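Reviewing the structure listed below.
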Protein chains: 2
Amino acid sequence: MITVELLEKYGVIKKSFDKNDIILEEGNLPSHYYQIISGEVKMSNYNDDGREFIQGIFYNGQSFGEPPLFLNQNYPANAIAVENTEIFILPKENFMKLLEENPKVSIKIIENLAQRLYYKSVMAAEISTHEPEHRVLKLIDHGIAYFNFQKDKNGYLINFTRQQIGDLTGLRVETVIRTIKALEKKGELKIINRKVYR
Amino acid sequence: MITVELLEKYGVIKKSFDKNDIILEEGNLPSHYYQIISGEVKMSNYNDDGREFIQGIFYNGQSFGEPPLFLNQNYPANAIAVENTEIFILPKENFMKLLEENPKVSIKIIENLAQRLYYKSVMAAEISTHEPEHRVLKLIDHGIAYFNFQKDKNGYLINFTRQQIGDLTGLRVETVIRTIKALEKKGELKIINRKVYR
DNA sequence: TCCATTTTATGATTAAAATCATAAAACGAG
DNA sequence: CTCGTTTTATGATTTTAATCATAAAATGGA
């Protein structure tokens, strides 16, 4: 996360997106740095039969889409506003200048990429070698640490739909629903009027 | 990749590992920066029934294990020498000092992490939403660009075993063997005395 | 407040890759 | 050169999650 003052110094602009708006598209060449002011953004892929895989979900203060920007490669996924969202947008040249002139920001970027790489490493191993229950629990436990789940008297509220959990773990909705029920029976989760708590 | 001169200036040491030696272990806290001089290193996880998932394979000049180092988190995977390997090892404090005093190195690190994140994004989507043939082909095509596959008169030699391809794509050996045969029949690959060419 | 859409839910069936079994070929350390 | 290990190979069987079908509950916009 880069401070507002610094971004403004390098000529950032604000842009608003409505719910379900496409912010950037798979296959396009990157040209800007994106940082969320408010709202929620998901990056995801669709395969040939329309099945979705969610790469990540991003909130206030988080940036997204940097890897292809640094590599001059096409975006490997789409970015879509999950709800009405405001975003800071900075042209690549300005962004690179900002980095050069502010070395401490580079360290921040490194830490952010490291965090995302760590998540992907954990989930990649989960998705390819573990059963549904393990996958879902790992995602939830990761989410408690890194997505913005709120704690209340019942525990952490996992504010993902069953479909989203499926799209993040590579499982189908029905499988997620059954898996969550099984996890509840084992006492790993609570389901209180359809909402999942951990 | 950080230059030898710079590493030496900050007190790097060399260390040798024999084939199959464990270089670093899942669950341990990182304390050093690792950069390969010669040889080959794989980072991988094992699930409860001993099934392996290979996170990545690294060669000369490449570094590995930085994300947990930057985050002060436990290694999410093991690093093992695939063959006899020499590695530069630099203590974390020295490495961080090197970064602070050489901002251009940060950009290199960023590009490297971006590259690895890009690979993981592509493979994560493949593994969770595509069929075996698509997964294997994507891995091979990525490998041509980023692993060190050599081109000869038959095309690029994919110097991975069927087992390695399985461990990188989340498929079992038998499935990889049958998939590769199917891809050969479709003309996507060549198999010349058991070796795969693309 | 009403209605269309989304989310959660459950049962039956299917398909696809994993598993199991077995073996030949190739490789590599001594 | 030899022998144990690894890699490639193939067929039969099983398992597990996907798929298909259907519906109730909840949500949200008009």
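Letters A, B, ... mirror the listed sequences (proteins, then strands); counts begin at 1. All values derive from a computational prediction rather than experimental measurement.
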Which whole-number value in Å describes the distance from [X] [atom1] to [N] [atom2]?
| X | N | atom1 | atom2 | value |
| --- | --- | --- | --- | --- |
| B:D167 | D:dT7 | CG | C1' | 13 Å |
| A:D18 | D:dG28 | CG | P | 17 Å |
| A:I192 | C:dT8 | CD1 | P | 15 Å |
| A:N159 | D:dA26 | CG | C1' | 17 Å |
| B:I158 | D:dT8 | CD1 | C1' | 17 Å |
| A:I177 | D:dT16 | CD1 | P | 20 Å |
| B:I165 | D:dT6 | CD1 | P | 19 Å |
| A:E184 | C:dT10 | CD | P | 10 Å |

- Item | Side-chain N or O of A:R162 closer than 4.0 Å to phosphate OP1/OP2 of C:dT8 |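 So the side-chain polar atoms of A:R162 do come within 4.0 Å of the phosphate oxygens OP1 or OP2 of C:dT8, strictly under.
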- Message: How close do A:F53 and A:D167 get, counting heavy atoms only, and between which atoms?
- Response: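 Shortest heavy-atom separation between A:F53 and A:D167 comes out as CD1-O, 3.3 Å.
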- Regarding B:S63 and B:E66, is there a side-chain donor-to-acceptor distance under 3.5 Å anywhere?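 Yes.
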- Task: Would you tell me whether A:Q55 and A:K42 have side-chain atoms, one donor and one acceptor, within less than 3.5 Å of each other?
- Result: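 Per modelled atom types, A:Q55 and A:K42 side chains form no pair under 3.5 Å.
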For residues 1-13 of chain B, dump all side-chain donor-acceptor pairs below 3.5 Å to protein atoms at least two apart in sequence or in another chain.
unit_1	atom_1	unit_2	atom_2	d
B:T3	OG1	B:L6	N	3.4
B:Y10	OH	B:E101	OE1	2.4
B:Y10	OH	B:N102	ND2	3.2

- Taking it one step at a time, do B:Q115 and A:Q73 satisfy side chain to side chain contact (heavy atoms under 4.5 Å, CB included)? CA-CA 10 Å; B:Q115 186 64 71; A:Q73 291 188 61; 3.9 Å; yes
- Message: Before you tell me yes or no, could you show the steps for B:E52 and B:N45 under side chain to side chain donor-acceptor pair (under 3.5 Å), namely the whole-Å CA-CA distance, both residues' side-chain angles and the distance that decides it to 0.1 Å?
- Response: CA-CA 6 Å; B:E52 185 177 14; B:N45 297 99; over 6 Å; no
- Note on the structure: Readout for nucleotides 16-30 of chain C: B = base within 4.0 Å of protein heavy atom, S = sugar-phosphate only, - = neither; 5' to 3' it is -SSBB----SS----
